[in-house]
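Just below is one structure, and these are the notes that go with it.
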Amino acid sequence: MEVAAPLLCLAAAVLVWGVLWVWGSWERMTRPEQAGLPGGGSRTLLVTAHPDDEAMFFAPTILGLARLRHQLFLLCFSAGNYYNQGEIRKKELLQSCDVLGIPPSNVMIIENRDFPDDPDVRWDPDRAADVLLQHVEANGIKLVVTFDEGGVSGHSNHVALNAAVRTLQAEGKLPKGCSVLTLQSVNLLRKYLCLLDLPCSLLLARDALFVLTQREAAQAQGRPTARH
């Protein structure tokens with residue numbers, strides 16, 4: 001018992017330190033000035049490939065940016081018509097955006113043969129870059145949010161959007177002061193660890209990390225059923 005008591009005290013101290021470290025890191029990462037994000041009121045464009053991407057992959061980012069008072073826009077490059085359900089999925093996208101706090105007037109869905117909903121078709125990044133740049137300039141966008149090189153799920157349409165953004169960056173075509181934030185792809189183990197992955201995310205997050213509050217998590221779960 002004499003040996004166990006100090007060990008229990010040490011374990012408790014380590015646990016308290018860990019909780020405080022995680023909380024402090026979360027606070028630092030969610031402050032716009034710490035994360036290098038544009039300040040409140042900035043116009044942010046979320047760039048997705050299909051209806052349901054916004055809910056399946058970006059809900060924490062959308063709600064986190066809304067918490068920072070960003071004005072959110074969404075540009076979806078297809079109607080998600082792979083299973084001939086494009087009309088249904090467009091309605092679901094608008095409903096989902098409404099739940100997540102993006103008004104219908106700020107949502108643009110592209111229906112163009114150049115960007116079919118098809119994992120076997122890799123969209124032309126130059127063509128996608130042209131379309132994206134038009135929306136950035138037309139809406140005075142200060143932050144573009146999209147997939148990283150892995151496309152999160154590896155979908156070729158997702159990967160093409162990252163390539164489009166990298167094309168604009170490489171050619172210096174993005175307006176001055178416009179930043180880019182990409183969603184980090186992680187391995188399957190980390191995807192299914194849920195809350196257990198939080199310390200790892202805090203350690204490895206490079207720019208910004210958004211952790212939902214209980215109210216925001218309930219808000220995200222109120223979205224229409226995703227289909228992909």
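For the numbers below, each heavy atom of this structure counts, side chains included, while hydrogens, waters and symmetry mates do not.
When every heavy atom of Trp123 is checked against every heavy atom of Leu161, the shortest pair comes out as CZ3-CD2, 3.9 Å. Here the shortest heavy-atom pairing between Asn157 and Val121 reads ND2-O, 2.9 Å. Nearest approach of Gly39 to His70, heavy atoms of both residues: O-NE2, 3.7 Å. Across all non-hydrogen atoms, the minimal contact from Glu216 to Leu63 is O-CD1, 3.4 Å. Nearest approach of Pro119 to His155, heavy atoms of both residues: CA-CE1, 3.5 Å. Shown here for Pro175 and Leu133, the closest heavy-atom pair between the two residues is CD-CD1, 4.3 Å.
One distance of note links NE2 of His50 with CG of Asp117; it measures 4.0 Å at 0.5 Å rounding. The CG atom of Leu212 sits 7.0 Å away from atom CZ of Arg67, with the distance rounded to the nearest 0.5 Å. Here the CG-CD distance, from Asn81 to Glu111, works out to 8.0 Å after rounding to the nearest 0.5 Å. Annotation: the span from Arg166 atom CZ to Gln169 atom CD amounts to 9.0 Å, rounded to 0.5 Å. With values rounded to the nearest 0.5 angstrom, Leu181 atom CG is found 9.0 Å from Thr44 atom OG1.
Leu183 and Leu74 fall within a single hydrophobic cluster, where Ile, Leu, Val, Met, Phe, Trp and Tyr are joined by side-chain heavy atoms under 4.5 Å apart, directly or via other members. Put simply, Val159 and Tyr82 are part of two different groups of oily side chains (I, L, V, M, F, W, Y) that touch within less than 4.5 Å, one to the next. Residues Val152 and Leu93 fall within the same hydrophobic cluster, defined by Ile, Leu, Val, Met, Phe, Trp and Tyr side chains chained together at heavy-atom separations under 4.5 Å. Note on Leu68 and Val180: same hydrophobic cluster, where clusters join Ile, Leu, Val, Met, Phe, Trp and Tyr whose side-chain heavy atoms are under 4.5 Å apart, directly or indirectly.
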### Query
Can you check side-chain contact (heavy atoms from CB on, under 4.5 Å) on Ile102 and Ile62, steps first, answer last?
CA-CA 9 Å; Ile102 304 177; Ile62 293 170; 4.2 Å; yes
### Message
I'd like to know whether Asn106 forms a side-chain contact (heavy atoms from CB on, under 4.5 Å) with Gln71, so could you lay out the CA-CA distance, the side-chain angles of the two residues, the decisive distance to 0.1 Å, and finally the verdict.
### Response
CA-CA 9 Å; Asn106 289 5; Gln71 187 176 349; 4.3 Å; yes
### Query
Please walk me through it: do Val47 and Val165 pass side-chain contact (heavy atoms from CB on, under 4.5 Å)?
CA-CA 10 Å; Val47 183; Val165 172; 5.6 Å; no
### Message
Between Asn112 and Arg127, is the side-chain contact (heavy atoms from CB on, under 4.5 Å) condition met? List the steps.
### Response
CA-CA 11 Å; Asn112 190 307; Arg127 174 65 179 132; 3.6 Å; yes
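Under the side-chain hydrogen bond (donor to acceptor under 3.5 Å, both in side chains) rule, Glu87 has a single partner from Arg89, Lys90, Gln85, which is Lys90. Under the side-chain contact (heavy atoms from CB on, under 4.5 Å) test applied with Cys178, the options Leu143, Val136, Leu168 reduce to a single match, Val136.
For His135 and Phe73, the ring centers sit 6.0 Å or farther from each other. Aromatic ring centres of Phe58 and Phe147: separated by under 6.0 Å.
You'll find the side chain of Ser96 stays beyond 4.5 Å of the side chain of Pro51, heavy atoms only. Residues Thr182 and Asn162 are in side-chain contact: their nearest non-hydrogen atoms beyond the backbone lie under 4.5 Å apart. With contacts defined as side-chain heavy-atom distances shorter than 4.5 Å, the pair Leu72/Leu46 does not qualify. Counting only heavy atoms from C-beta outward, the side chains of Thr48 and Phe57 never approach each other to under 4.5 Å. Using a 4.5 Å cut-off on side-chain heavy atoms (C-beta onward), Leu132 and Leu45 make contact.
Side-chain N or O atoms of Asp124 include one that pairs as donor or acceptor with a backbone N or O of Asp126 at under 3.5 Å. Between the Asp148 side chain and the Gly151 main chain, a donor and an acceptor come within less than 3.5 Å of each other. In this structure a side-chain-to-backbone donor-acceptor pair under 3.5 Å is missing from Ser78 to Pro116.
For Lys142, there are no side-chain hydrogen bond (donor to acceptor under 3.5 Å, both in side chains) partners at least two apart in sequence or on another chain.
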